[in-house]
Amino acid sequence: MSDLLANLNREQLQAVTLPPRHALILAGAGSGKTRVLTTRIAWLVQTAQVEPQGVLAVTFTNKAAKEMLARLSAMLPLSFARSARTLWVGTFHGLCNRLLRIHHRDAGLPQLFQILDSGDQLAAIKRLLKTLNVDDDKFPPRELQHFINGQKEAGSRPHAVEAWDDYTRRRVALYQEYEAQCQREGVVDFAELLLRTYELLERNEPIRQHYQRRFRHILVDEFQDTNKLQYRWLKLLADNGNEGGARLFCVGDDDQSIYGFRGAEIGNMRDFEREYRVDNVIRLEQNYRSHGNILDAANAIIRNNTGRLGKNLWTERGAGEPIRVYEAFADSDEARWVVEEIQALVRDGMSRSGIALLYRSNAQSRVLEHQLFSAGIAYRVYGGLRFFERQEIKHALAYLRLIANSDDDTAFSRVVNFPARGIGARSMETLQEAARTWNGSLYASVPHLGGKAGTALGGFVRLIEALRNETRALTLPELVDHVLDASGLRNHYRSEKEGQERLENLDELINAAANFVSEAGAEAGQSAESHTLLADFLAHASLEAGDHQADAGSDAVQLMTVHSSKGLEFDAVFLSGLEEGLFPHENSVLEASGLEEERRLMYVAITRARQRLYLSFAQSRMLHGQVRYNPRSRFLEEIPEAYTRWLTPPRPKGGGMASTGYGGYPRSSPPQAAAKRAGSAAPVPPRRDVGGLRVGQLVAHAKFGQGVIMAAEGNGSDARVQVNFGRAGVKWLLLAVAKLEPA
DNA sequence: ATTCTTTAGTTTTTT
DNA sequence: ACTAAAGAAT
């Protein structure tokens with residue numbers, strides 16, 4: 001035990017050995033947060049303050065859960081080797097799934113209920129709108145999906161939603177229909193997993209009391225990312241003074257809350273502190289990752305936010321190198337410079353995998369990739385399609401889902417005619433009609449059909465029945481293998497030109513099934529019927545869509561959005577595209593809360609760097625097929641000069657002036673050359689002079705005040721310019737109408 | 001049923 | 001500019 005607590009700093013030690021009370025740990029970036037969490041669990045177990053099964057640890061990603069489990073089994077001595085498995089460590093959704101499988105009856109769900117991922121959910125909603133003959137122009141499926149998930153995350157069932165207008169009333173009615181459809185089909189979406197579990201614990205006193213007695217300690221990672229419902233979920237199990245219950249040990253960083261847009265409630269931290277009378281919030285402020293200049297810059301930026309819980313990172317390491325700032329003419333020049341700099345770093349001995357290229361939005365990766373590719377530098381982009389989201393895998397899973405639960409209409413619709421079986425839109429319409437009249441699933445309604453449609457569909461049903469019977473005695477990997485052949489999927493992709501990779505992925509699915517069995521098999525008696533194991537595997541596929549790409553072995557430069565960089569660290573970090581409109585993003589700057597989240601994002605980006613940080617921006621950038629001229633980001637202005645070194649001569653902030661430049665720097669694609677083609681109309685003058693005005697010029701408008709011309713297009717009476725008026729916003733003005741004076 | 005054409009959307013993302 | 005998905009035509 002002495003080595004368990006060795007090498008912890010004062011605050012870390014204090015947090016780990018806290019008496020059993022509710023606790024809030026404010027853990028700054030790079031302050032050893034995960035270490036504190038896992039050591040706390042190990043310490044509680046080793047000092048016999050809690051049995052392993054009395055611990056519940058909640059994370060947000062499967063990756064974090066896995067890492068925690070791995071570290072724990074390394075920390076606990078052999079006598080506790082088994083305890084890592086009796087510990088409940090997982091994501092909110094994973095734990096809810098576990099609870100709902102155990103208590104499916106009390107939760108009103110079939111034992112083999114299926115989990116819809118967001119794509120499945122969207123498909124289900126589209127199908128619902130179609131059967132109800134609802135105009136999807138008036139009720140866009142995506143918007144409806146957002147509405148439904150929003151309601152569920154607020155804990156509201158349809159009857160509880162306050163609807164003051166017709167539109168909302170309609171949407172609530174659709175929400176209700178959607179719920180009925182899911183219940184009928186025995187499927188559950190992500191938000192439903194949480195809400196269903198919440199309601200189960202809230203309404204079923206014996207079950208709630210059971211878990212309140214069982215869990216003595218609940219530890220929550222990334223607490224700043226919890227949403228309203230997740231916090232309420234925790235409160236149900238927490239010790240509230242009279243019913244018993246768990247002590248909450250919440251670890252988070254309000255300055256790294258960057259998921260507000262998907263419902264994360266930064267206010268949960270304040271609420272928790274107040275509601276549970278946490279009197280000694282522990283701050284982990286010593287940073288073990290970055291040099292001083294980097295931390296000071298991060299501190300300086302985040303100081304501009306209001307309502308923080310307050311925290312200042314420091315390090316025992318020296319100030320280190322200054323932060324390098326670079327101004328480029330165009331996005332392509334910026335990318336070229338980044339690549340040259342990377343080549344220099346690699347020449348000096350830095351590993352490629354220690355270098356990260358961060359950007360605010362995915363669209364920015366393109367230019368960077370292009371330059372990296374031409375330079376022949378190995379790179380890896382995070383955030384593409386994940387394994388279980390691939391088309392061919394989704395198709396295979398749909399067959400498996402139908403074996404486990406034939407009422408799953410989403411799965412049915414997906415593969416009823418894939419590979420093609422001559423079941424077209426007409427047959428499906430008749431079937432849908434039948435399903436409505438007989439009030440059953442699509443699958444169950446097939447026998448009611450006659451005619452040609454009935455014959456083809458009957459064949460499909462017999463196929464599924466056969467699959468179900470033939471696979472009963474098989475192991476899970478064998479089952480998957482058999483389904484791939486008997487469904488015709490393999491044959492289909494064999495005859496497809498680009499099918500080779502898909503075939504490999506399908507084989508990989510068999511491997512995934514084998515891995516799942518060996519991992520699950522080691523756990524408690526999962527030796528049940530093969531189709532129960534199948535349902536577990538399907539849940540696993542939905543909840544853990546699979547790592548992006550497992551190319552981690554190769555030494556490649558890492559490209560990712562700032563969001564996906566959270567939690568990671570690199571020797572050198574390039575943060576490109578630091579321009580107004582891009583970072584902070586234009587959709588965020590109108591509201592103070594939006595701008596503050598952007599600032600936290602900037603804080604996250606900066607604190608990823610260990611030794612060296614590069615910040616860059618470009619005067620002109622191609623976005624959505626248009627060249628844009630954005631001033632440099634306000635966040636650059638928030639970093640004191642003492643921490644930076646400009647690699648290009650610093651100039652006063654303003655609109656990017658396309659016509660001025662400095663000598664000595666490559667200028668292969670000046671902004672003018674990228675001028676937009678004007679379709680069939682007369683060509684736009686390349687100098688972009690319109691009515692005597694040019695891009696970058698400061699102009700005055702009677703109503704909007706002063707502004708900078710960002711872009712111009714059109715000729716003669718059509719000529720118009722885009723002006724950034726700052727407070728008054730960005731506007732397109734027709735020169736024939738608006739009176740603009742040079743200012 | 002396949003193939004071409006048109007259209008909408010393009011901040012961030014996990015489960 | 002570019003993509004994915006829906007719609008129209010063959």
Side-chain angles (χ1 to χ4, degrees), chain A residues 58-65 90-97 115-123 126 130 136-137 140-143 146 149 152-153 188-195 197 221-222 225-227 229-230 257-264 331 358-367 370 382-386 388-389 391 417-427 496 539-548 560-567 577 581-589 594 597-598 600-602 604-605 621-628 674 676-677:
Chain A
V58 197
T59 64
F60 270 84
T61 63
N62 292 297
K63 200 175 148 199
T91 63
F92 274 105
H93 293 85
L95 296 166
C96 286
N97 176 48
I115 299 169
L116 302 184
D117 68 22
S118 3
D120 298 330
Q121 184 188 30
L122 187 62
K126 283 180 179 168
K130 200 156 240 169
D136 55 4
D137 283 330
R142 287 186 166 283
E143 200 272 340
H146 187 253
N149 290 337
K152 289 191 180 186
E153 273 161 27
V188 164
D189 61 49
F190 286 140
E192 185 72 26
L193 278 174
L194 285 164
L195 182 53
T197 310
D221 190 17
E222 308 277 16
D225 286 338
T226 50
N227 66 29
L229 186 58
Q230 285 160 340
S257 164
I258 55 173
Y259 288 111
F261 68 92
R262 68 174 197 219
D331 45 2
L358 307 185
Y359 34 79
R360 173 69 237 272
S361 56
N362 284 307
Q364 289 167 252
S365 76
R366 201 175 256 283
V367 246
H370 180 73
Y382 281 72
L385 249 198
R386 296 186 306 170
F388 286 109
E389 285 164 355
Q391 186 207 90
N417 198 32
F418 192 96
R421 300 187 173 85
I423 299 169
R426 266 192 318 281
S427 308
E496 201 176 63
H540 165 83
S542 299
L543 289 171
E544 190 167 352
D547 283 327
H548 297 283
M560 68 191 83
T561 62
V562 179
H563 278 94
S564 23
S565 76
K566 196 172 123 189
L582 217 71
F583 198 178
H585 196 274
E586 54 196 348
N587 297 354
S588 308
V589 291
E597 182 149 320
E598 295 288 304
R600 293 193 291 269
L601 206 44
M602 183 74 186
V604 167
R621 180 173 300 274
M622 184 70 116
L623 194 66
H624 304 325
Q626 269 205 321
V627 181
R628 311 222 317 193
K676 182 190 168 194
R677 283 216 202 114

Exercise. What integer distance in Å separates A:Phe388:CZ from B:dT14:P?
Worked result: 16 Å
Exercise. With respect to the phosphate group of B:dT15, does any side-chain polar atom (N or O) of A:Asn62 fall under 4.0 Å of OP1 or OP2?
Worked result: yes
Problem set entry | Point-to-point distance, once rounded to the nearest 0.5 Å, from CZ of A:Phe190 to CG of A:Leu195 | 15.5 Å
For this session: Pick base, sugar-phosphate or nothing for A:Ser118, based on heavy-atom distances below 4.0 Å to the nucleic acid.
Result: base
Seminar exercise, completed: Sorted by chain and residue number, the ring-ring contact (aromatic ring centres under 6.0 Å, His included) partners of A:Phe388 (sequence neighbours excluded) come out as none
For this session: Check the distance between B:dT14's C1' and A:Asp221's CG and give it to me in whole angstrom.
Result: 14 Å
Exercise. Roughly, in whole Å, what's the span from NE2 in A:His146 to C1' in B:dT11?
Worked result: 13 Å
Exercise. Reading nucleotides 2-9 of chain C from the 5' end, what letters show protein touch, with B for base, S for backbone sugar-phosphate only, - for no heavy atom under 4.0 Å?
Worked result: SS--S---
For this session: Verify the distance criterion only: is there a donor paired with an acceptor across the side chains of A:Asn149 and A:Gln121 at less than 3.5 Å?
Result: yes
For this session: For A:Asp117, answer base if it contacts any base atom (sugar-phosphate contacts may also be present), sugar-phosphate if it contacts only those atoms, and nothing otherwise; contact means non-hydrogen atoms under 4.0 Å.
Result: nothing
For this session: Just compare B:dT11, B:dT13, B:dA1 and give me whichever is closest to any side-chain atom of A:Ser361.
Result: B:dT11
Seminar exercise, completed: Closest of B:dT11, B:dT15, B:dT13 to the A:Phe190 side chain is B:dT15
Problem set entry | Closest to the A:His563 side chain, choosing from B:dT11, B:dT15, B:dT12 | B:dT12
Exercise. To the nearest angstrom, how far is A:Glu222 atom CD from B:dT14 atom P?
Worked result: 13 Å
Exercise. Hey, what do you get for CZ (A:Phe583) to NE2 (A:His585), rounding to the nearest 0.5 Å?
Worked result: 11.0 Å
Seminar exercise, completed: Rounding to 0.5 Å, atoms CD (A:Glu192) and SG (A:Cys96) come to a distance of 11.0 Å
Seminar exercise, completed: Residues passing the side-chain contact (heavy atoms from CB on, under 4.5 Å) test with A:Ser542, sequence neighbours excluded, are A:Ile115
Exercise. Hey, which of these two, A:His585 or A:Gly422, hits DNA chain B nearer its 5' end, going by closest nucleotide?
Worked result: A:Gly422
Problem set entry | Out of B:dT15, B:dT12, C:dA1, whichever nucleotide has its closest atom nearest the side chain of A:Arg360 | B:dT12
Problem set entry | Heavy-atom pair with the smallest gap, counting every atom of A:Thr91 and A:Val58 | C-CG1, 4.2 Å
For this session: Pick base, sugar-phosphate or nothing for A:Phe92, based on heavy-atom distances below 4.0 Å to the nucleic acid.
Result: nothing
For this session: Provide, to the nearest angstrom, the distance between the OH atom belonging to A:Tyr359 and the C1' atom belonging to B:dT10.
Result: 15 Å
Exercise. In whole Å, what is the span from the CD atom of A:Glu597 to the P atom of B:dT13?
Worked result: 12 Å
Exercise. If you look at every strand shown and take non-hydrogen atoms under 4.0 Å, does A:Asp225 touch a base, only sugar-phosphate, or nothing?
Worked result: nothing
Problem set entry | B:dT13 phosphate, OP1 or OP2, under 4.0 Å from A:Asn362 side-chain N/O | yes
Problem set entry | Earlier contact from the 5' end, DNA chain B, for A:Phe261 and A:Leu543 | A:Phe261
Exercise. Side-chain N or O of A:Arg386 less than 4.0 angstrom from OP1 or OP2 on B:dT13?
Worked result: no
Seminar exercise, completed: To the nearest angstrom, the CZ-P distance between A:Arg142 and B:dT13 comes to 14 Å
For this session: Using only side-chain N and O atoms of A:Thr561, determine if any of them is under 4.0 Å from OP1 or OP2 of B:dT11.
Result: no
Seminar exercise, completed: Between CG of A:Asn149 and C1' of B:dT14 the distance, given in whole Å, is 12 Å
Problem set entry | Identified salt bridge (charged side-chain N to carboxylate O under 4.0 Å, His left out) counterpart of A:Arg360 within the set A:Glu597, A:Glu598, A:Glu586 | A:Glu598
